[in-house]
Amino acid sequence: MTRVDFHSQVADKIHYSCRLIRKARAANCQIMVLSENLEQATLLNDALWDFSAVDFLPHVMIDDPLASQTPIVIATQIDSALPHHDLLINLSQMLPTTFAQFNRVIEVVSQQEDDANAARQRFRLYQQQGIKPSHIVASAS
């Protein structure tokens, strides 16, 4: 069964996601990131290049021919043909329809009220699927 963790009260979703991605890559995970839209996906793409001077975080957008060979893939929508199934980081306000294909899902929730409300709804939907999501309040560091 998929493990689901909610990380709430995140001040900056892009920076926080970079930290999660770096940590997951250190554990040799392959990662899918579901962005809310192309603008957010582009911001994350750019941030991953500049995030750390010592960590190389190889990543591509889902439509890149090297997506299946690259450990970090960024998408604005996820269908059934996925290159990775270890970890899904969800930055969107939608419940990923393919979440059960992943070993783990991390829901990143900002401090904005609309994002928090959408996360509460996703939390209930996961529960309806028999999953018991955990909840972590994000640290400021």
Who are the side-chain hydrogen bond (donor to acceptor under 3.5 Å, both in side chains) partners of [X], not counting sequence neighbours?
| X | result |
| --- | --- |
| Arg25 | none |
| Thr97 | none |
| His59 | Asn45, Trp49 |
| Ser110 | Asp115 |

### Partner residues of Asp55 under the salt bridge (charged side-chain N to carboxylate O under 4.0 Å, His left out) criterion, sequence neighbours left out
Arg22

### Query
Would you say the side chains of Gln127 and Arg124 form a donor-acceptor pair under 3.5 Å?
no

Indicate yes or no: at least one non-hydrogen side-chain atom of [X] is less than 4.5 angstrom from one of [Y].
| X | Y | result |
| --- | --- | --- |
| Leu88 | Pro96 | yes |
| Val60 | Ile74 | no |
| His85 | Asn103 | no |
| Gln93 | Gln121 | no |
| Leu82 | Met32 | yes |
| Leu125 | Arg120 | no |
| Leu87 | Ile89 | yes |
| Ser17 | Leu91 | yes |

With rounding to the nearest 0.5 angstrom, report the [atom1] to [atom2] distance, [X] to [Y].
| X | Y | atom1 | atom2 | answer |
| --- | --- | --- | --- | --- |
| Cys18 | Leu44 | SG | CG | 5.5 Å |
| Ile136 | Phe6 | CD1 | CZ | 11.0 Å |
| Leu43 | Asn37 | CG | CG | 8.5 Å |
| Phe56 | Leu48 | CZ | CG | 10.0 Å |
| Phe51 | Ile21 | CZ | CD1 | 9.0 Å |
| Asn90 | Leu34 | CG | CG | 4.5 Å |

### Task
Give a yes or no on whether the backbone of Gln9 and the side-chain of Gln111 come within a donor-acceptor separation of less than 3.5 Å.
yes

### Message
Under 4.0 Å between a side-chain nitrogen and a carboxylate oxygen: does that hold for Arg104 and Asp86?
### Response
no

### Message
Check this for me, if you would: do Arg3 and Glu107 make a salt bridge, where the nitrogen-to-carboxylate-oxygen distance has to be below 4.0 angstrom?
### Response
no

### Query
Can you check side chain to side chain contact (heavy atoms under 4.5 Å, CB included) on Arg122 and Val109, steps first, answer last?
CA-CA 11 Å; Arg122 290 193 310 279; Val109 184; 4.0 Å; yes

### Task
Could you point out which residue of Thr70, Asp64, Val73 forms a side-chain contact (heavy atoms from CB on, under 4.5 Å) with Pro83?
Val73

For a quick test of reading the model, state the closest non-hydrogen atom pair linking [X] to [Y] and the distance between them.
| X | Y | result |
| --- | --- | --- |
| Ser35 | Ala41 | OG-CA, 3.5 Å |
| Tyr126 | Leu95 | CZ-CD1, 3.3 Å |
| His135 | Ser8 | NE2-OG, 2.5 Å |
| Thr2 | Phe102 | OG1-O, 2.8 Å |

### Message
Under 4.5 Å between side-chain heavy atoms, counting indirect links through other Ile/Leu/Val/Met/Phe/Trp/Tyr residues: same cluster for Leu66 and Ile62 or not?
### Response
no

#### Entry: CA sep, side-chain torsions, deciding dist, call: Gln40, Lys13, side chain to side chain contact (heavy atoms under 4.5 Å, CB included)
CA-CA 9 Å; Gln40 187 182 55; Lys13 279 185 160 184; 3.9 Å; yes

### Task
With side chain to side chain contact (heavy atoms under 4.5 Å, CB included) as the test, would you mind laying out the steps for Val4 and Ser134 before giving the verdict?
CA-CA 6 Å; Val4 178; Ser134 71; over 6 Å; no

### Query
Any chance CD of Gln77 has more than 12 other-residue heavy atoms, nucleotides or ligands included, within less than 6.0 Å?
no

### Query
Given Val105 and Asp5, is the side chain to side chain contact (heavy atoms under 4.5 Å, CB included) satisfied, shown in steps?
CA-CA 6 Å; Val105 175; Asp5 303 310; over 6 Å; no

### Task
List for me each residue that meets side-chain contact (heavy atoms from CB on, under 4.5 Å) alongside Asp12, sequence neighbours excluded, and say none if there are none.
Ile14, His15

### Message
Classify the ring geometry of His7 against Tyr16: parallel below 30°, tilted from 30° to 60°, perpendicular beyond 60°.
### Response
perpendicular

